[in-house]
**Q** 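Shown below is the structure under consideration.
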Amino acid sequence: MKKFFSILMAGVAMIGASACCEIEDGFTDIDSWPMPRPTYDPKVYTINHPAMLHSATDIDYTKSHLGQQPWSDAYQKLLSSGYSYNTYKASPVKYLARLDNGNWGDGGGRWDDAGLRDEYYPGIHNNYTNFFRDCAAAYQLGLKWQLGGDSEAAEAAIKILEDWAAVNQGILLGRDKWKDDVIDSNEYLIMFQIHQAANAAELLRNYNGWADTEGFKSVVNWMTTHFAPFCSRFIAMNNTDHWWMNWDLASMTALLSMGILSDDQDMINEAILHFKQGEGPGCIMRKGIIVMEDDPSGTGEKLAQGNEAGRDQGHNTLCAAMVGAFCQMAYNIGEDLFSFENGRAIAFAQYVAKYNMVKPEIGKDYNTGSLTSASFKYAENSLPFKEYSYNGGTMTAISGAGRGTIRPGWDIWAGYCKAHGVKATYVSEIAEHFRPDGGGGHYGGNSGGFDQLGFSTLMHHRE
C-alpha cells in the first residue's frame, strides 16, 4: 500500500488512545475533540464491473421495471433532460478552471502573478461549466444505452469522454510562486465532476469491448494522472477547520470512483479510510458529524447533525447527495458504509431530510425564496442541535438559509433503507415527495444542478 496508509495508521493509533470528552454547556469546538476511534486496515475489494453507482444487478432491476411506475416516468425524465440526445458534442478545454469572476474574470493582475497571462482568454475562469454539462451528458447517454440498448447513445458518450481525454490536461495550475498548485482553492471543487465522468466510463466499459481499447485506457489515464493527485493532496491537507464537508466529499467521491474504474486498490482504500477515520470533515466519525442523538419526535430513529447544518442548507443538502453517492459506490464493491457505526451516515441524511422537508401541499416545484418557516413539515426545534465552531465562526442554530433546497439523489438513501429493512422516516418521505427525480438539465443551469448526478429514482428506487 502507499506511504499514505502507514502515515494514516500511525496517526490514528495515537488519536485512538485518547479519551472522549463530554460536551459542556451544549457547545463544542470540533478541533478540540480528542475522540477515541478504532483503526481500520486497508482491504482488498472485489470489483465486479460494472460497479460504482450501478452494479449489473442494479441495471437489470431497473430494466425489468421500466414498464412500471415510478420507473417509467423516471426514464422519461432521463430521455427529456436535454443532455441525453445522441448528437450531443463535447466542448473540452485544455485547462479547467473554477474561479470567481471578481478576481479572475477580467484578465487582470492575478493572471500575471500566477504566470498565466499566455493562457488567459475571456471565460477561462469559469470554463468548468463545459465539464459539468459534458459529464452529465456522458452519464445520461451511458444510462440510455444500458437501459435501452441504444448503441448511438453509447457511441456519443464514449466520444465525449475520449474528446476530453485527448484535449484536457487537468486543472489550471500556476507558475512562478504558484508553481504546480491550483491558483485558487475553488478549483478543487472541480472534483465534483470527476466521479461523474468515471461513472459514465464505468457504464460504457462493456460496450463493444471498449474497456480493452486504447480509447478507454486514455480516459482512465487522463483522470488518474491529472486529477487523482489533487484529490489526495486535498484530503491530506484538509485537516484544519477551513474547508467544509462538501469540499472533502468532492475529492473523496472522485478518488473512490477513479479507483474503481482503474482497479486501483490504493485509491479505493484512501477514500474509504478517510471516510472512516480521516482528519477532515469528510470523516463521518470526526468533523463530518457534530452530534448524533435520538429523534426528538419519538420515531426511535437517530438524527446526526452534520458539519454544514449551521452554515446553510444548499451545502447541507449537497453533502447528503454526495455522502449517498459515496456510500452507494462503496456498497457496490462490498463495503457497506450506509450501516457503518450504527447507521451514522443514514442518521446524517435523516437530519438533512427532516429539516428540509416541505409540507406536501407546497408541491415539488417551488422557489426556496418564497418559503417561510410555516412551509415546512417539521419545526426546527424537532431536531437536535449543538453549537460548534468552524471556519472562524460559531454556529448557534440550524441555518435557515436555503432551507428547502431541492436536490436529486434521495432515492439512493430510501432505496437502501427499504431493501435492508431500515426504518428511515424522513429520507423515505423526502424521496417520495420529489419522486421521480431528474438530473443534469432538470435543476437549473448553474453548478447546483450538476454537482450531483441524480436519477436516483430510476436507478435506486426499490419495491
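Nothing fancy with the numbering, it's 1 onward along the sequence.
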**Q** Hey, is Lys377 close enough to Glu429 for a salt bridge, meaning N to O under 4.0 Å?
**A** yes

**Q** Angle class for the Phe234/Tyr188 ring planes (parallel below 30°, perpendicular above 60°, tilted otherwise)?
**A** tilted

**Q** Between Lys77 and His442, which heavy-atom pair has the shortest distance, and what is it?
**A** O-CE1, 2.9 Å

**Q** Scan side-chain atoms only and decide if His125 and Asn101 contain a donor-acceptor pair under the 3.5 Å cut-off.
**A** yes

**Q** Take Phe192 and Tyr128, measure what ring-ring contact (aromatic ring centres under 6.0 Å, His included) needs, and give me the verdict at the end.
**A** CA-CA 11 Å; Phe192 279 122; Tyr128 84 104; 9.7 Å; no

**Q** Could you tell me whether Glu341 and Arg344 have a side-chain N and a carboxylate O separated by less than 4.0 Å?
**A** no

**Q** What I want to check is whether the side chains of Tyr426 and Glu301 have a donor and an acceptor closer together than 3.5 Å.
**A** no

**Q** Check Lys159 with Asp163, please: is the shortest side-chain N to carboxylate O separation under 4.0 Å?
**A** yes

**Q** Can you tell which of Phe348, Phe338, Tyr351 makes a ring pair (Phe, Tyr, Trp, His ring centres under 6.0 Å) with Trp413?
**A** Phe338

**Q** Could you walk me through whether Asp134 and Tyr88 pass the side-chain hydrogen bond (donor to acceptor under 3.5 Å, both in side chains) test, one step at a time?
**A** CA-CA 9 Å; Asp134 290 356; Tyr88 188 96; 2.6 Å; yes

**Q** What I want to check is whether the side chains of Asp437 and Tyr443 have a donor and an acceptor closer together than 3.5 Å.
**A** no

**Q** So do Lys94 and Glu119 actually touch side chain to side chain, heavy atoms under 4.5 Å?
**A** yes

**Q** Going by an N to O cut-off under 4.0 Å, is there a salt bridge joining Asp58 and Arg462?
**A** yes

**Q** Would Asp248 and His274 count as having a side-chain donor-acceptor pair, cut-off 3.5 Å?
**A** yes

**Q** Is any side-chain N of the basic residue among Glu335 and Lys276 closer than 4.0 Å to the acidic one's carboxylate O?
**A** yes

**Q** Hey, does Tyr45 have a side-chain heavy atom less than 4.5 Å from the side chain of Asn269?
**A** yes

**Q** Using only heavy-atom distances, determine whether the side chains of Gln140 and Ser81 contain a donor-acceptor pair under 3.5 Å.
**A** yes

**Q** Is Lys144 paired with Glu152 through a side-chain N to carboxylate O contact shorter than 4.0 Å?
**A** no

**Q** Mind telling me whether Tyr366 and Phe434 have parallel, tilted or perpendicular rings, with 30° and 60° as the class edges?
**A** tilted

**Q** Report yes or no: is the cationic atom of Arg311 (NZ for Lys, CZ for Arg) under 6.0 Å from the centre of the six-membered ring of Tyr390, at an angle within 45° of the ring normal?
**A** no

**Q** Just by distance, no angles: are the side chains of Glu308 and Asn316 close enough, under 3.5 Å, to form a donor-acceptor pair?
**A** no

**Q** Measure up the Trp243 and Trp247 rings against each other and bin them: parallel (under 30°), tilted (30 to 60°), perpendicular (over 60°).
**A** tilted

**Q** According to the interplanar angle, ranging from 0 to 90°, do the rings of Phe131 and Trp222 count as parallel (below 30°), tilted (30 to 60°) or perpendicular (above 60°)?
**A** perpendicular

**Q** Give a yes or no on whether the backbone of Gly259 and the side-chain of Asp264 come within a donor-acceptor separation of less than 3.5 Å.
**A** no

**Q** When you compare the side chains of Tyr121 and Asn127, does any donor N or O come within less than 3.5 Å of an acceptor on the partner?
**A** yes

**Q** Given ring-ring contact (aromatic ring centres under 6.0 Å, His included), test His54 with His460 step by step and report yes or no.
**A** CA-CA 9 Å; His54 315 305; His460 300 287; 5.3 Å; yes

**Q** Taking atom types as modelled, is there a side-chain donor on Asp241 or Asn391 under 3.5 Å from an acceptor on the other?
**A** no

**Q** Do the side-chain N and O atoms of Asp336 and Ser339 include a donor-acceptor pair separated by under 3.5 angstrom?
**A** yes

**Q** Measure up the Trp71 and Tyr61 rings against each other and bin them: parallel (under 30°), tilted (30 to 60°), perpendicular (over 60°).
**A** perpendicular

**Q** Given 3.5 Å as the limit, does a donor-acceptor pair link the side chain of Ser55 with the main chain of Ala51, or not?
**A** no

**Q** Please say whether more than 12 non-hydrogen atoms of neighbouring residues, nucleotides or ligands are located less than 6.0 Å from CG in Asp365.
**A** no

**Q** Regarding His65 and Glu463, do their side chains bring together a donor and an acceptor under 3.5 Å, going by distance alone?
**A** yes

**Q** A side-chain contact here means heavy atoms from C-beta on lying under 4.5 Å apart; do Asn307 and Cys319 qualify?
**A** no

**Q** Has Thr317 got a side-chain atom pairing as donor or acceptor with Arg407's backbone, closer than 3.5 angstrom?
**A** no

**Q** We want to know whether Asp411 and Thr457 form a side-chain donor-acceptor pair, criterion being a heavy-atom distance below 3.5 angstrom.
**A** yes

**Q** Using the six-membered ring wherever Trp is involved, compare the ring planes of Phe275 and Phe326 and label them parallel, tilted or perpendicular (cut-offs 30° and 60°).
**A** parallel

**Q** Indicate yes or no: does Glu214 engage Lys217 in a salt bridge with an N to O separation below 4.0 Å.
**A** yes

